[in-house]
Amino acid sequence: MLSLSKFHMILFFMSLVSPNLSNAIPINIWPKPRLLSWPQHKAIALSPYFTILSPQHQYFSASVSRYHNLIRSENHSPLITHPVKLTKGYTLSSLVINVTDLSLPLHHGVNESYTLSIPIGSISAHLSAHSVWGAMRGLETFSQMVWGRSPHLCLPVGIHIQDSPLFGHRGVLLDTSRNYYGVDDIMRTIKAMSANKLNVFHWHITDSHSFPLVLPSEPSLAAKGAYGPDMVYTPEDVSKIVQFGFEHGVRVLPEIDTPGHTGSWGEAYPDIVTCGNMFWLPAGKSWSERLASEPGTGQLNPLTPKTYEVVRNVIRDVVKQFPEPFFHGGADEVVPGCWKTDPAISSFLSSGGTLSQLLEKYINSTLPYIVSQNRTVVYWEDVLLDAQIKADPSVLPKEHTILQTWNNGPENTKRIVAAGYRVIVSSSEFYYLDCGHGGFLGNDSQYDQQGRGGGGSWCAPFKTWQSIYNYDITDGLVDEEERKLVLGGEVALWSEQADSTVLDSRLWPRASALAESLWSGNRDERGVKRYGEAVDRLNLWRYRMVKRGIGAEPIQPLWCLRNPGMCNAAQDALEDQ
């Protein structure tokens, strides 16, 4: 017989005595399920011959195999242990999975709900989902409930979970142009996203700094625009990443940033790029006269026919490589000064044309082509909200256009949905993970400030997990129809000061905070923000991610877990400061 000393569980009991103690759920599942019932706090041993019975599916079968191996080999040992009552006389032999519709594709809005139950007295657990993508979420939950060292594994019995996400779009943006990331780095990120029930990898592939994507129709863009032949993504690499995404329930959303941020295109086609390789902030010029918003100049020229020939080739190749129904076209930070350096554009403006008309010409020549490829176009908010260069809404059909917001927090989200557009929220004030690590400009006098710490990134301070967790992306939206236009959100890691050496620690566990906030919310049943009880659960989840090979940074000393409640803030003392 198995002794109780071999079976322990992460178990934080609801405290009715002290407000300092964590109110976490009895077992640590991240993100927290919408509904979990485990009234008797009993456990059952997992059979050494445990199997997962599931329908065959192109991607789901690989997921089932992966989770079966994880369950058998993870050997998760809780950092804090409490004895639970082990149900004897039988073991759990199987997890039976039922999927209602195996044909549902991994598109935005697909049903990701699942129901998971392990009845007392049954040798089988049951996982039901409408789609294989929901079943993948349920498998992740099941894997997080298992603990012990193989073959002595156990998990809760008499438990029932009903779960589904609040938002359909839950993503991570990674910029691979400023600095290069290897294919293994990207796949490790997708693996961690899946474990956190995040479902969109927004791949910001190209920018002014480099063009690493090898395209069959335009091979010179990467041959001349990448940092080197060993820092490119071949069609085989892309296929591998996309396949890996499907097997983990993560959509791979490509972004080809145009018409701004395209200096790297000029290495192959200098005639279609304005202000290429010019100094970004000319001496003696004001900020409004800059040629780019950061070093790395270059914008596509909307008046050059060759521009559209190249862009359409790029779009066609990207669509072939990425089956994702969304296509991100960028369109942020189009800077007036860069276009004005071109003689033909200067003549156009002198003749009464406007900068906004140039942008509209570019969109009118590219958006319909993207739509003709059966894609919905995503642009950054600038295309509608920029103070100087913006398109008329008539150029941006609402049925084919989604806007991604990054400025002014809830205010810009409100402006976008009020105009009738769907929105993805990436407010830099909350969701930009590169912020707070200083600036990357050389010869910057703000760092020579005696007596005070100078400098910081433009979007400082550092965005803590608490700030990310507590951000309500529908804040201020009273109208239910407007709230429905908020598809979800993404944290963003821009890579001016990041590469594979810091990737995991910059993303995790802060992206985990986004994951729970968008999956089951950041409030408890009373509507009160629950970050106070989330800290222990996130801390535990961070340690488990590290054991799974994800280099997530610590959020507290381990002592805090060993001493529940002792690391909480005294609110009245804080308010006196």
Side-chain angles (χ1 to χ4, degrees), residues 29-38 51-68 70-71 94-119 122 124-145 155 159-171 190-191 193-201 242-253 323-326 374 376 402 422 424 480 483-489 515-521:
I29 300 169
W30 193 277
K32 189 173 186 176
R34 300 282 293 278
L35 175 65
L36 183 150
S37 174
W38 186 34
T51 60
I52 300 177
L53 305 175
S54 66
Q56 292 295 310
H57 184 273
Q58 180 182 4
Y59 304 116
F60 187 56
S61 295
S63 180
V64 168
S65 177
R66 183 179 73 255
Y67 275 110
H68 186 264
L70 176 66
I71 290 164
S94 63
L95 171 64
V96 180
I97 301 176
N98 178 265
V99 177
T100 304
D101 189 345
L102 292 170
S103 67
L104 292 174
L106 184 60
H107 291 176
H108 174 76
V110 69
N111 190 325
E112 295 177 87
S113 65
Y114 68 91
T115 300
L116 176 61
S117 62
I118 309 176
S122 174
S124 297
H126 301 277
L127 170 60
S128 299
H130 197 72
S131 69
V132 295
W133 320 110
M136 286 186 190
R137 311 303 172 219
L139 274 172
E140 175 59 39
T141 293
F142 187 88
S143 76
Q144 291 186 28
M145 294 195 298
L155 70 168
I159 189 168
H160 180 77
I161 296 173
Q162 286 182 286
D163 208 7
S164 60
L166 290 172
F167 293 94
H169 190 109
R170 309 176 307 280
I190 290 174
K191 173 185 173 183
M193 290 177 61
S194 180
N196 284 272
K197 298 186 175 73
L198 293 167
N199 66 350
V200 181
F201 177 68
V242 168
Q243 172 81 10
F244 193 80
F246 278 125
E247 292 175 355
H248 288 74
V250 175
R251 299 156 49 202
V252 181
L253 166 61
E324 161 62 30
F326 291 177
N374 198 29
T376 297
I402 297 169
R422 292 165 289 173
I424 298 167
E480 185 60 29
R483 293 172 68 90
K484 290 179 181 178
L485 292 174
V486 180
L487 303 185
E516 179 160 296
S517 181
L518 298 186
W519 180 274
S520 56

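These numbers come from a predicted model, not from an experiment. Note that these values count all heavy atoms, side chains included, but never hydrogens, waters or copies made by symmetry.
- Val132 is not listed as a side-chain neighbour of Leu104, based on a closest heavy-atom distance of 4.5 Å or more.
- Residues His160 and Ser117 share a closest heavy-atom pair of ND1-CB, 3.6 Å.
- The ring-ring contact (aromatic ring centres under 6.0 Å, His included) test applied to Phe167 returns no partner, not counting sequence neighbours.
- Looking only at distances, a side-chain donor or acceptor of Ser520 sits under 3.5 Å from a matching main-chain atom of Lys32.
- One distance of note links OG1 of Thr115 with NE2 of His130; it measures 12.0 Å at 0.5 Å rounding.
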task = Applying side-chain hydrogen bond (donor to acceptor under 3.5 Å, both in side chains), run through Ser124 and Ser94 and close with a yes or a no.
result = CA-CA 5 Å; Ser124 297; Ser94 63; 2.8 Å; yes
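- Here His126 contributes atom NE2 and Ile97 contributes atom CD1; the two are 12.0 Å apart, rounded to the nearest 0.5 Å.
- Within 6.0 Å of CD on Gln56 lie no more than 12 heavy atoms contributed by other residues, nucleotides or ligands.
- Not one N or O on the side chain of Arg137 forms a donor-acceptor pair closer than 3.5 Å with the backbone of Asp163.
- Counting only heavy atoms from C-beta outward, the side chains of Tyr59 and His248 never approach each other to under 4.5 Å.
- Considering CG of Asn196 and NZ of Lys191, their distance stands at 12.5 Å, rounded to 0.5 Å.
- For the atom pair CD of Gln144 and CG of Leu70, the computed distance is 9.5 Å after rounding to the nearest 0.5 Å.
- Remark: Phe60 engages no residue in a ring-ring contact (aromatic ring centres under 6.0 Å, His included) (not counting sequence neighbours).
- Counting all heavy atoms, side chain and backbone alike, Gly138 lies closest to Leu127 at CA-CD1, 3.8 Å.
- Met145 contributes atom CE, which lies 5.5 Å from atom CD1 of Ile29 (distance to the nearest 0.5 angstrom).
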message = Between Val250 and Leu198, does the side-chain contact (heavy atoms from CB on, under 4.5 Å) criterion hold? Intermediate values first, please.
response = CA-CA 7 Å; Val250 175; Leu198 293 167; over 6 Å; no
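- Side-chain contact between Glu324 and Val252 is absent, with no heavy-atom pair separated by less than 4.5 Å.
- Between Glu247 and Ser63, the shortest heavy-atom contact is O-CB, 3.5 Å.
- The shortest non-hydrogen separation linking Trp519 to Arg34 is O-CD, 3.8 Å.
- In this structure, the separation between CG on Leu95 and CZ on Phe142 is 5.0 Å, given to the nearest 0.5 Å.
- Under the 30°/60° scheme for interplanar angles, the aromatic rings of His169 and Phe326 are found to lie parallel.
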request  = Could you walk me through whether Lys197 and Thr141 pass the side-chain contact (heavy atoms from CB on, under 4.5 Å) test, one step at a time?
outcome  = CA-CA 9 Å; Lys197 298 186 175 73; Thr141 293; 2.9 Å; yes
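- The backbone N or O of Asn111 sits less than 3.5 Å from a side-chain atom of Ser131, completing a donor-acceptor pair.
- Side-chain atoms of Asn199 never come within 3.5 Å of backbone atoms of Gly249 as a donor-acceptor pair (strictly under, hydrogens ignored).
- Nearest heavy atoms, Ser113 versus Ala129: O-CB, 3.6 Å.
- In this pair, Trp133 and His57 present their aromatic rings perpendicular. The plane angle is above 60°, beyond the 30 to 60° band.
- Side-chain contact between Thr376 and Arg422: present, with at least one pair of heavy atoms (C-beta onward) separated by less than 4.5 Å.
- Summarising the geometry of Arg66 relative to Ser194, their closest heavy-atom pair is NH2-OG, 4.4 Å, with the distance given to 0.1 Å.
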